[in-house]
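First listed ligand is number 1; within each ligand, the first listed atom is number 1. Both backbone and side-chain heavy atoms feed into the values below; hydrogens, waters and symmetry mates do not.
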Amino acid sequence: MESRTKELIVISGKGGTGKTSIVASFAALAQRAVVADCDVDAADLHLVLNPRIEKRGTFSGGSRARIKPGHCTACDICEELCRFDAIYYDGPGNGRVPKTFRVDPIACEGCGVCAHFCPEHAIDFAPVVNGQWFVSETRCGSMVHAKLGVAEENSGKLVSLVRVEAKRVAERRNLDLVIIDGSPGIGCPVIASITGADLVLVVTEPTLSGLHDLGRVADLTEHFGIKTLVCVNKWDLNKGVTLEIETQAKRRGLKVAGRIRYDRAVTDAQIKMRSVVECHNSGAAADIRQLWAGMSLALQKSDFSRMGIPS
Ligand code: SF4
Ligand code: SF4
């Protein structure tokens with residue numbers, strides 16, 4: 001049976017456009033939704049929602065090679081085959097050779113060639129733990145999030161894992177919506193964030209790079225055929241560019257879902273570790289409420305009867 005749970009992804013062309021503040025406010029307004037932080041390379045939604053971890057799991061994005069010094073005969077085959085230059089002749093000696101080869105775990109790309117061709121079967125090739133994922137409770141409902149290890153890659157796989165787990169939590173709790181803080185940019189993590197999503201909100205700022213980034217992100221969502229809305233954050237800092245962004249969005253068939261004014265209240269909310277709409281009735285909070293109402297119009301075209309969205 002097809003899942004009823006829908007996914008709303010909030011993304012931006014680059015980091016720092018305010019999308020996490022918007023996602024946190026959406027989480028507070030939606031009430032009956034699961035929120036997921038898929039910006040795993042720079043996760044900060046937890047700073048606002050203060051999650052209480054209830055379940056955790058490990059994440060492995062791939063395998064890495066490790067030479068067993070006691071078994072290595074220093075034949076040099078692995079070093080010659082490794083096209084990532086990850087193998088060095090500076091490992092400890094053993095009873096047969098004064099020095100052995102060693103794998104640099106940072107340089108190893110996990111292709112497995114060395115382990116396959118080692119005549120002594122001296123190379124372990126096993127999955128490594130690259131990060132952790134969590135299911136938590138917050139004052140705004142359930143949250144699924146993750147932490148990628150330092151200098152670890154494969155965040156696209158971790159994003160997919162967080163999405164799957166968030167959808168599972170929503171289905172188990174009979175909730176219809178997952179609100180996702182997506183990865184910025186147009187790389188692998190953002191593709192993993194949006195593929196198969198029901199609705200994307202692109203948050204942009206009124207700068208020339210924001211205008212350019214909107215085009216790149218819109219190309220991406222168009223490629224995947226995902227319904228896309230646009231919101232200009234701090235729109236009043238450059239009203240001319242805001243108009244250009246909105247004109248470009250409309251020309252591309254993207255709906256402008258709202259504008260959020262520049263407001264010190266956003267920074268104040270961050271300092272208080274609260275979402276903007278949970279703090280006093282600021283102008284930005286009013287704009288975000290209106291944005292959420294606008295989003296609801298787009299979402300209502302699906303069956304969101306239990307979501308608690310204002311009509
Ligand atoms: S191929 Fe195996 S035996 Fe040869 S140097 Fe590498 S680890 Fe050692
Ligand atoms: S797994 Fe691939 S990248 Fe890593 S050390 Fe072996 S050959 Fe090099």
Side-chain angles (χ1 to χ4, degrees), residues 11 13-15 36-44 55-135 144-166 168 180-196 216-217 220 223-224:
I11 59 173
K14 65 174 181 64
D37 192 350
C38 285
D39 189 357
V40 296
D41 290 302
D44 54 8
K55 178 182 169 189
R56 68 177 72 214
T58 55
F59 160 74
S60 174
S63 299
R64 292 232 177 89
R66 191 189 70 83
I67 294 173
K68 295 178 279 188
H71 295 67
C72 177
T73 57
C75 70
D76 196 20
I77 288 174
C78 57
E79 195 259 345
E80 282 184 10
L81 288 175
C82 179
R83 63 190 184 92
F84 298 100
D85 293 331
I87 298 180
Y88 294 88
Y89 185 45
D90 62 359
N94 55 35
R96 289 178 287 178
V97 288
K99 272 200 296 185
T100 55
F101 282 80
R102 176 189 66 87
V103 174
D104 175 354
I106 304 288
C108 174
E109 290 285 332
C111 69
V113 166
C114 57
H116 184 79
F117 286 101
C118 172
E120 303 294 331
H121 304 291
I123 304 180
D124 275 336
F125 189 64
V128 285
V129 172
N130 305 106
Q132 284 189 297
W133 57 272
F134 314 96
V135 178
V144 182
H145 48 126
K147 190 174 174 193
L148 200 60
V150 176
E152 296 291 358
E153 293 175 358
N154 270 329
S155 54
K157 275 191 183 177
L158 185 52
V159 165
S160 300
L161 192 154
V162 168
R163 277 182 70 189
V164 166
E165 196 56 37
R168 265 193 208 134
I180 296 174
D181 188 358
S183 305
I186 57 166
C188 171
V190 74
I191 291 170
S193 293
I194 66 170
T195 319
R216 296 192 313 153
V217 174
L220 198 65
H223 175 79
F224 287 101

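- One distance of note links CZ of F117 with SG of C82; it measures 13.0 Å at 0.5 Å rounding.
- The contact set between ligand 1 and C78, taken as ligand atoms under 4.0 Å from a residue heavy atom, comprises 1 (S), 5 (S), 6 (Fe), 7 (S).
- Close contacts between ligand 1 and I123 involve ligand atoms 7 (S) [criterion: under 4.0 Å to a heavy atom].
- Within the 4.5 Å cutoff, the side chain of I67 has heavy atoms near those of the I87 side chain.
- Residue T73 has at least one heavy-atom neighbour below 4.0 Å for each of these atoms of ligand 1: 3 (S), 8 (Fe).
- With ligand atoms numbered from 1 in the order given, ligand 1 contributes 3 (S) to contacts under 4.0 Å with heavy atoms of E120.
- Close approach to F101 involves these atoms of ligand 1, each under 4.0 Å from a residue heavy atom: 5 (S).
- The cationic group of K99 lies under 6.0 Å from the six-membered ring centre of Y89 and within 45° of the ring axis, placing it in a cation-pi geometry.
- Using a 4.0 Å cut-off to heavy atoms of E109, the atoms of ligand 2 that qualify are 3 (S), 4 (Fe).
- For ligand 2 and F84, the ligand atoms under 4.0 Å from any heavy atom of the residue are 3 (S).
- Counting backbone and side-chain atoms alike, C75 contributes an N/O/S atom closer than 2.8 Å to atom 4 (Fe) of ligand 1.
- Within the 4.5 Å cutoff, the side chain of R96 has heavy atoms near those of the T73 side chain.
- When atom types are taken as modelled, the side chain of N94 and the backbone of C72 share a donor-acceptor pair closer than 3.5 angstrom.
- Between the side chain of S60 and the main chain of V128, a donor-acceptor pair closer than 3.5 Å is present.
- Given atom 2 (Fe) of ligand 1, the protein heavy atom at minimum distance is C118 SG, 2.4 Å.
- The atoms of ligand 2 that sit less than 4.0 Å from any heavy atom of I87 are 5 (S).
- Heavy-atom proximity to D76, at under 4.0 Å, picks out these atoms of ligand 1: 4 (Fe), 5 (S).
- Enclosure of atom NZ in K68 by more than 12 non-hydrogen atoms of other residues, nucleotides or ligands within 6.0 angstrom is indicated.
- Of the possible donor and acceptor atoms, none in the side chain of R66 sits under 3.5 Å from a partner among the backbone N and O of A126.
- The shortest contact between atom 4 (Fe) of ligand 2 and any protein heavy atom is with C108 SG, 2.4 Å.
- For atom 1 (S) of ligand 2, the choice among A115, A107, G112 with the nearest heavy atom turns out to be G112.
- Considering only non-hydrogen protein atoms, atom 7 (S) of ligand 2 sits nearest to C111 SG, 3.5 Å.
- Panel note: side chain T100, backbone P92; a donor-acceptor pair is recorded below 3.5 Å.
- The protein atom (non-hydrogen) at minimum distance from atom 8 (Fe) of ligand 2 is C82 SG, 2.4 Å.
- Taking 4.5 Å as the limit, every side-chain heavy atom of H116 sits out of range of all side-chain heavy atoms of F125.
- Taking every non-hydrogen atom of C114 and a distance limit under 4.0 Å, the qualifying atoms of ligand 2 come out as 1 (S), 5 (S), 6 (Fe), 7 (S).
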